[in-house]
2 protein chains.
Amino acid sequence: MYIQVLENLQRDGKNVISSELLARTCDVNPSQIRKDLAYFGEFGVRGVGYYVQDLITSIKQALGVDRVWKCALVGVGNLGRALLNHREFRLRGFHIVGAFDCDPFKIGEVVSGLEVVCSRRLKERTADLGIELGVITTPPERAQRACNYLVDAGIKGILNFAPARIEVPEGVTVEYVDFFHHFYAVAFNVTLGSQD
Amino acid sequence: MYIQVLENLQRDGKNVISSELLARTCDVNPSQIRKDLAYFGEFGVRGVGYYVQDLITSIKQALGVDRVWKCALVGVGNLGRALLNHREFRLRGFHIVGAFDCDPFKIGEVVSGLEVVCSRRLKERTADLGIELGVITTPPERAQRACNYLVDAGIKGILNFAPARIEVPEGVTVEYVDFFHHFYAVAFNVTLGSQD
DNA sequence: TGGTGTGAACTTTTTCACAGCG
DNA sequence: CGCTGTGAAAAAGTTCACACCA
């Protein structure tokens, strides 16, 4: 969230920002911001605030997103295609360098400049392509299998867009992405709000 | 998350589930599950567990997602089009019934069976279409304007896919959707993991 | 002077442990 | 008997208040 807000501030020509102002736009308490940022280092200047450009750099460095991460996408369905065509990925440093699917009708097809390869061949292609992260966009019932291919290939970070939980060995991190959670949350809040 | 897991259990033919087992798949503590569910009512049966179908129904009712929610989408760019074509929305009870944009070249175009209408006309179309939720898919610099149109139309729930914070009056809820947050999180965890 | 960094106080969330009930 | 629902205890997260420093 901070990266997002700071990049927008930068676009607006702001060079310095205080925790007070940052707090206002992020809708949190100023102390929260100071604690969060101080966790990774002393990024601010007393009596002045935070230099926007420096802070962006510092946060990205702290998170490890100050470089390119190469990703493999497994599951070339509707969602998979949408992600493959989403140019924002490159901008944010996440390069999708391989597309995999187990459907023989899709293998060989070229999507967004990438040839779809059989999922079983993920392991042999991982080192070549320099893949570090996996993106699962299969239907829910095939998510675990996709996950297994990724784990087997030695990949340590997985983004699961499939609406199913997956099991991974220790040392592998999974992030679940499902924007319907947000739809449920809004629906719930609106329902609550209209009651009183 | 519970709805997601329970629907998958149902597909697999499971009729009853204990907090213990549910906890295992959700990767949380069993007490957590019991507390969460008990918050909305007594859904379980002592000595037995939770009936899967009943629990799905109960949770959906508690969240207010046991009905159709009609949505307006503002910003027919790449992401907007992808969402308009995403059939999963109907399945989950979120019907996009109006598409709006301020670009004169897009107005009148038909996307996924919906005619793109000028954003300024949002208010006059809201009642007709029965719109209750707004989905913002504009570029970040136009998110606030889109938001203002929605608020002005009396909409109380907004999903903001634009990478920018927006201001709303009290009584209006906003959920921010940005899956790059998840990419950052995975990158961070993988970076951490490779250090020790 | 003004805004950060931070220990201490406070609040919220999570887990434990077991009573209660089908 | 077995698993839920729930107070009490423990842990985690947030806010306050002010020392400290450009």
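We name chains A, B, ... by the order of the sequence lines, and we start the count at 1 in each one. Because the structure is predicted, anything quoted here is derived from the model rather than measured.
- Distance check: B:F43 CZ to B:D54 CG gives 10.5 Å after rounding to the nearest 0.5 Å.
- A donor and an acceptor atom, one from each side chain of B:Q53 and B:T57, are located under 3.5 Å apart.
- Regarding contacts with the backbone of C:dG3, every side-chain N or O of A:Y51 stays at 4.0 angstrom or more from both OP1 and OP2.
- The phosphate of C:dT4 (OP1 or OP2) has a side-chain N or O of A:S19 nearer than 4.0 angstrom.
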Mind running side-chain hydrogen bond (donor to acceptor under 3.5 Å, both in side chains) on B:N15 and B:Y51 for me, showing each step along the way?
CA-CA 6 Å; B:N15 289 316; B:Y51 290 106; over 6 Å; no
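- Residues forming a salt bridge (Lys or Arg N to Asp or Glu O under 4.0 Å) with B:E141 (at least two apart in sequence, or on another chain): none.
- Separating the SG atom in B:C147 from the CG atom in B:N160 is a distance of 7.5 Å, to the nearest 0.5 Å.
- Atom CD1 in A:I17 sits roughly 17 Å away from atom P in C:dG2 (whole-Å rounding).
- With rounding to the nearest 0.5 Å, the separation of CG in B:L133 from CG in B:L159 is 6.5 Å.
- Under 4.0 Å is where a charged nitrogen must lie from a carboxylate oxygen, and between A:R67 and A:E132 at least one such pair does.
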Pairs under 3.5 angstrom only: tabulate donor-acceptor contacts from the side chains of residues 162-180 of chain A to other protein residues two or more places apart or in another chain.
{"unit_1": "A:R165", "atom_1": "NE", "unit_2": "B:T25", "atom_2": "O", "d": "3.3"}
{"unit_1": "A:R165", "atom_1": "NH2", "unit_2": "B:C26", "atom_2": "O", "d": "3.1"}
{"unit_1": "A:T173", "atom_1": "OG1", "unit_2": "A:K156", "atom_2": "O", "d": "3.4"}
{"unit_1": "A:E175", "atom_1": "OE1", "unit_2": "B:H182", "atom_2": "ND1", "d": "2.8"}
{"unit_1": "A:Y176", "atom_1": "OH", "unit_2": "A:I166", "atom_2": "N", "d": "3.0"}
{"unit_1": "A:Y176", "atom_1": "OH", "unit_2": "A:I166", "atom_2": "O", "d": "3.2"}
{"unit_1": "A:D178", "atom_1": "OD1", "unit_2": "A:F180", "atom_2": "N", "d": "3.0"}
{"unit_1": "A:D178", "atom_1": "OD2", "unit_2": "B:Q4", "atom_2": "NE2", "d": "3.1"}
{"unit_1": "A:D178", "atom_1": "OD2", "unit_2": "B:R92", "atom_2": "NH2", "d": "3.3"}

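- The CD1 atom of A:I33 lies 11.0 Å from the CZ atom of A:R24; values are rounded to the nearest 0.5 Å.
- The distance from atom CG of B:D54 to atom P of C:dG22 is 16 Å, rounded to the nearest whole Å.
- Side chain of A:D101 to main chain of A:K106: no donor-acceptor pair is present (N/O by atom type, distance under 3.5 Å, no hydrogens or angles).
- For A:Y39 and C:dG7, the OH to P distance is 15 Å, given to the nearest whole Å.
- Ring planes of A:F183 and B:F161: tilted class, angle from 30 to 60°.
- Of the residues in residues 41-49 of chain B, those with a non-hydrogen atom less than 4.0 angstrom from any atom of DNA chain D are B:E42, B:F43, B:G44, B:V45, B:R46, B:G47, B:V48, B:G49.
- Whole-Å rounding puts the A:F40 CZ to C:dG5 P distance at 14 Å.
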Run the side-chain hydrogen bond (donor to acceptor under 3.5 Å, both in side chains) test on B:R11 and B:N8 for me, step by step, so that the C-alpha distance in whole Å, both residues' side-chain angles and the decisive distance to 0.1 Å come before the verdict.
CA-CA 5 Å; B:R11 193 168 41 77; B:N8 286 330; 3.2 Å; yes
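- Taking CG of A:D103 as the start and CZ of A:R142 as the end, the distance is 8.0 Å to the nearest 0.5 Å.
- Taking 4.0 Å as the cutoff to heavy atoms of chain B, we find the contact window on DNA chain D bounded by D:dG2 to D:dA8.
- Within residues 24-35 of chain A, the residues approaching DNA chain C are A:R34, A:K35, by heavy-atom distance under 4.0 Å.
- Direction of the helix axis in the helix from C:dT1-D:dA22 to C:dG22-D:dC1 shifts by 20° between the two five-pair termini, rounded to 10°.
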